[in-house]
Structures are given as structure tokens and as C-alpha cells.
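To keep things clear, I will list the structure first and then write my remarks on it.
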Amino acid sequence: MRLKTLIQYHLWDYKRAIMIFYGIIITLFIIFAIVNLISPQRINVSVGGLEIASIIFIFVAGVASFTEIFYFSLINGVSRKTQFLAFTGSMFSLAAIMAAVDSVFGFISLRLAEVQNLFAVFYGAKYQGVASLQLFVDRFLWMLVIYTLIAITGYLISMIYYHSNKTTKLIVSILPPVFFIIVLPLIDSMTSFKIFAWLRGLLLRMLGLYNNVNPYIAIFSTLVAVAIVSFFNYLLISKAEVKN
Amino acid sequence: MAFIDIRNLTKKFGATTALCKINLRLEKNKIYGLLGRNGAGKTTLLNIMTNKLIPTEGEVLIEGQCVKENDAVLSRIYCMNEKKLYPESLTVNEVFYWSQKFYSSFDQAYAAELSQLFGLKTRKKISELSTGYSSVFKIIVALASNAEIILLDEPILGLDANHRDLFYKELLKNYSINPRTIVISTHLIEEVSDIIEEVIIISKGKTLLFDTVENLLSQGYTVSGSSTAVENYIAGKNVLGVDSLGGLKSAYILDQLNRAELPEGLEISKLDLQKLFVHLTNSKEVV
Amino acid sequence: MLIDFNSDKAIYIQLAEGLEDAILAGAFPEETKIPSTTEISVSYKINPATALKGVNLLVNDQIVYKKRGVGMFVSEGAVEKIMEKRKISFVETYIKNLLKEAAKLGIPKSEIIAMIERS
């Protein structure tokens, strides 16, 4: 079945990149561990969680792959519908793999060095500092949906670029930073700082950090975002064509 | 029911109309030639037939089923494109491997055999292949796909004389043993005219002509001889064009030959399809 | 067996005639196999349908016949049939033209016969 084959291809394509990524992480980890063991003073190397690195990696994976795999899928006679399902499925699989690895990694590093990860920083209060099973399951789910969202957003961005001509590309690249760095602060100062406060409130609510910490709200918001981004991904790929 | 039914196919790119109301019915298991000048719309047509482009209007049906976004139907067609569609970092072997996974009819042994025949080094990455071997590689994937319908977009470009010869022979062998529907798109008419059974000529996005090669050839002839003799003879006939070399002339006639009326010293040879093609595609009228 | 791709004579006709010539010359004795359409098609780089059309001309004249699963074989008495066929067209192609040419040059029939006997 072509969907399965295309997902296999996606993952095969990423295999080498993933191995290099984790190769580097493990090497760094070993180096830190050795340094800690042999140094007279305990150097407090805060390794933290892998979340940031993984997010960057999976974002780049999403952005980089569109054109090459699109053409490859077309020449192998795969419909755009199936391509959409394949990359959503493979991004989700990739996210699952990375979330699983990061979970294990988080568990080990906690045992060895009592380090905090991003999730614990945000939602640690809920678990009263106890490294329970509930914590790991919630953390895994949280990473899973966030990584998926990041990956498919990367895909969305690369498709936007694919559909754009030079001028549009320029506008698309400049507009968001300009908006956030210049326009928004301007509006904010004009409305006596209400905008930023309102945005901050909204963000905290969506991330389940408003009153009590609740990671499930964050997971839910992320799933909604995944649905929205997927909708646009489907729309954009339906219109994609081979270029001259 | 026609095997491949192209209905009212129109494709616009912004303000440009690349294909305009193309209507074609192709039968099963014939070798078709799709002829046209550069930019006539041949590649656009082949791309729409394989879901690489989305038609503005109209549709392409294979045995009654629409090709657009149809995985099942698309698994029965393979199209060799001029454009590089395989990832450059893959090796030839890896492409063969994945092609087998997407096209269950793909024959690995046959691909290996052809690679050896053509001298294609299958361990090489696609990016490392020369222009000629790039074409060879694409042709091999197409032939080894064993798809029911094989479309070849300018397969001869970049092939040296030996490879061209090999290509025609392997194509004919493949087709003879396992008949399938083949469409060869090219602007090199003379080369393919003996291999194809029927010809479709496209010009500026419209079909100019669709006929058997036999019918086409029977419509005219070439007459050669001394300039004066030829000039006298061709007066009043439908002349496609004339070539001169010193005191000798060759005239290309689109008319029935009457051997009885043929004067001494003039030689007859077959209608030059290249001349017919140039005449048709230069003409402002559309048949 | 040469095919002139430039000739205004259709390829399938040239093919049939070429096969007949080969049979006459003894290259394909009666009850032996002639090349398959695949072999002909690949060898001359022509469409198999064209090759088939040429061979079918011979089948129609009963010069070759098809043995299922094996191929095309030269019929018994094929040589005679070909010679008969050629004799008829001999008159058309050679004799009539000879007479026409002779008439142009003003050579009477009696002189033609004398010329033939001398050659």
C-alpha cells in the first residue's frame, strides 16, 4: 500500500539525520558525565531536557523536506491526498520516537543529576516534585503533540515558500518578525500596554499555566493547533504542482 | 470505451494557455508518437496525465476512471520526465529499490540487465550521472516499471548514437514480448517514425493531427532531380517545401502520386515527415 | 534483406517482398521457421504491427503459416507460389515497361525478340 511505503520512505530519509542528532547528544552527555565524575568539584552542568534541541531538529526536518519528497512522490504516482497522510503520519511517528527517547533520557538524567527539564519547569508544581509515573506519561504526551505541531508547521512554512514567487517569499519572510518586533509593541504602547497583557493572559490560559498548572490544557490547545495547521497543509498540497 | 480518454483538457498558467480543449482517444497497446515543437504543450499533457499538474478544465480517464488524485489508476502508469524528479542524493540502486515498492510490477532483474547493457553504474548517485546517463537511467526505470502505460518525455535527448540504437531495440523488444501502451514525446520525428504506429501532432496547445503513420505517409511523396525538371513537374501541385543543392532540387509534395505522369529523370522517395511537420506547425491554421 | 527506409514503397510491402526473395534464394527452406515479428521488429527498428502486417501478406498468399506457440513457418510449395506470383507481376513491371520504352525508341517487336535471343 502506497501510504505505508511513503511513510517508510520519509522515515528512511530521516534515519541518518536522526542518528547523527542522537549521536551528538549522547556524545555530549557522556562528556558531561565523565567531566562530572573526574572533577574534584561537582560542576553543576545543567543539561536540562532535550526539548529545545529536539524542537529545533524536528522543525528543520519539517521545513527541509517538502520539494524533494513532493517530486519523489509524484514520479512514483502518489496522490496528494496520500502524500498529506504520509507526511502527517511520518511526522507524528518521528515525534513519537523523539518523545520516547527524550522521556528515557529525561529519566536517566534525573536519576544521575537531578536535572530539571522544560516540562518540569512549567508544570512541576502539579506533581509536587515527585518523579511519578504520571509525570513521565504526561511529559511524553506533551512532547509528542508539541513535536508533531512543530514538524507540521515546518512543513507548512516550506509549502508556503513553494507556492510563493520571489516577492511573496520576501513578504512572508519579513512580515512576521516586523509584526512582532515593531507593529505589536507600537500598538501596545498606544493602548497603554493592554495588548501585551492580554496576549500574555491568552497564552498562559492556552498553556494551562494561568491559575493552576494543568498540562492537559496545553496538550489540548496543541492538538487544536495541529488540526488547524493540518487543514492548511491539506489545502496547500492540494494545489501544489510540478514547476517548469 | 477508449483506453485513455482525454476530454476537453485545458491548462492555463496564469494568462498563458498551455493546452486548449484537447480531445484524444488512445487505444490499448499501441505505440504513439506525441510530436510537437518545444513549448507546444507535450510535457504539460503528459504531466496532467500523471497527476503532476492539475487541469484547469477537462479530465483524463483511464478505462473510465479519472486519473486525478487516483492512486489505484496512477499505479498503472509510469512517466519518464525530462525534469529531475528523483532526489539527487539517492543512488541508482536505491531508486530501483523504491520503485519496486511503489510499482509492484517493477522488475529488478530486468533493471539490472538493462543497466549492464547500457553501461550504467548503479552504485552511483543520481547527482553524479552525466546528462547522457541521466537519460539512460530514466529510460531504464521506465522500461523496468512494466507499467501498463509508459509515457516517455523526450527520451532520446542526450543519448549518444549507440544508446539511441539500444533504446529503440530494447523498447521494441519489451513491447513485442509484453504489449503495453506507450507514448513517446519528441520533436525528432524522422527517428521515431518507423517505431510508432500512430502520430499525434500538438501545436500551441492544440491537436493539429492524429493519424496512423501509414496514412500520413500515403498522403504525399518527395520528388528529386534536376532543378528544371523538378520545377516543371511541381507546377500546380501542393508543395510543402523545396530544397536546393546546386543544380539539383528536392520537392516535398502533399498530393497523390500518379506514376504514369512522372517524367524521365525524376526520382520518387517517401514523404518527408519532418517537412510535413514543419509545414503543419508553421501554418497559422488549425485543422 | 535490405529495407530502404527512404523508398516511397511501404515498409511492410518491402518486408514481404524481402522475405519472398529470401525464400526463393533458399535462405528459408520450406517447413523451416522464419524470424519472429519480434526479431524482425527489433532488427530493423520498426513497429511490430508493421512487421506483422508484412508477414500477414505472406500468410494471406499462403506462403507462410502459423504454428501455434512456435512461430511462422514456410509453407510447402511456397517457392512455387512465389514464382507464380512473380511471373504475373513480371509482365506488369518488366514486360509492359519494356514495350513502352521500345515504342518510344521505335523498336519493332521482331527486333526485340532478336535482341533477347542475342543476350
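All chains are named by letter (A, B, ...) in the order of the sequence lines, taking the proteins before the strands, and each is independently numbered beginning at 1. Atoms considered below: every heavy atom in the structure, side chains included; atoms not considered: hydrogens, waters and symmetry mates.
- When the shell of 6.0 Å around OH of A/Y162 is examined, it contains more than 12 heavy atoms from other residues, nucleotides or ligands.
- The shortest side-chain heavy-atom distance between A/Y71 and B/K83 falls under the 4.5 Å cut-off.
- Counting non-hydrogen atoms of other residues, nucleotides and ligands closer than 6.0 Å to NZ of A/K243 gives a total above 12.
- Atom NZ of B/K121 has 12 or fewer heavy atoms from other residues, nucleotides or ligands within 6.0 Å.
- Between A/Q8 atom CD and B/W98 atom CH2 the span is 5.5 Å, to the nearest 0.5 Å.
- Contact count against chain B (heavy-atom pairs under 4.5 Å) is highest for A/T5 among A/L74, A/T67, A/T5.
- In this structure, the side chains of A/R2 and B/Y103 come closer than 4.5 Å at one or more pairs of heavy atoms.
- A/S238 touches chain B through its backbone: at least one of N, CA, C or O sits under 4.5 Å from a heavy atom, while the side chain does not.
- Heavy-atom contacts from other residues, nucleotides or ligands closer than 6.0 Å to CZ of A/F140 number more than 12.
- The environment of A/Y216 atom OH is dense: over 12 non-hydrogen atoms of other residues, nucleotides or ligands sit within 6.0 angstrom.
- Enclosure of atom CZ in B/R37 is not indicated, since only 12 or fewer non-hydrogen atoms of other residues, nucleotides or ligands lie within 6.0 angstrom.
- In this structure, A/T82 OG1 and B/N70 CG are separated by 9.5 Å, a value rounded to the nearest 0.5 Å.
- With a 4.5 Å cut-off on non-hydrogen atoms, B/K84 touches chain A through its backbone but not through its side chain.
- Scanning both residues, A/R80 and B/K52, for their nearest heavy atoms gives NH2-O, 3.2 Å.
- Nearest heavy atom pair, residue A/G77 against residue B/D71, reads O-OD1, 3.9 Å.
- Across A/K81 and B/E69, no two heavy atoms sit closer than the pair N-OE1, 3.0 Å.
- Looking only at heavy-atom pairs under 4.5 Å with chain B, the residue among A/V242, A/V78, A/I75 that has the most is A/I75.
- The number of heavy-atom neighbours closer than 6.0 Å to CD of B/E88, taken from other residues, nucleotides and ligands shown, is above 12.
- Between the CD atom in B/E94 and the CH2 atom in A/W12 there is a gap of 3.5 Å [rounded to 0.5 Å].
- Using a 4.5 Å cut-off between heavy atoms, A/L6 touches chain B through backbone and side chain atoms alike.
- Contact count versus chain A (heavy atoms, under 4.5 Å) is highest, among B/L74, B/L85, B/L90, for B/L85.
- For a residue to count as touching a neighbouring chain, one of its non-hydrogen atoms must lie under 4.5 Å from one of that chain's; by this rule A/K239 touches chain B with the backbone only.
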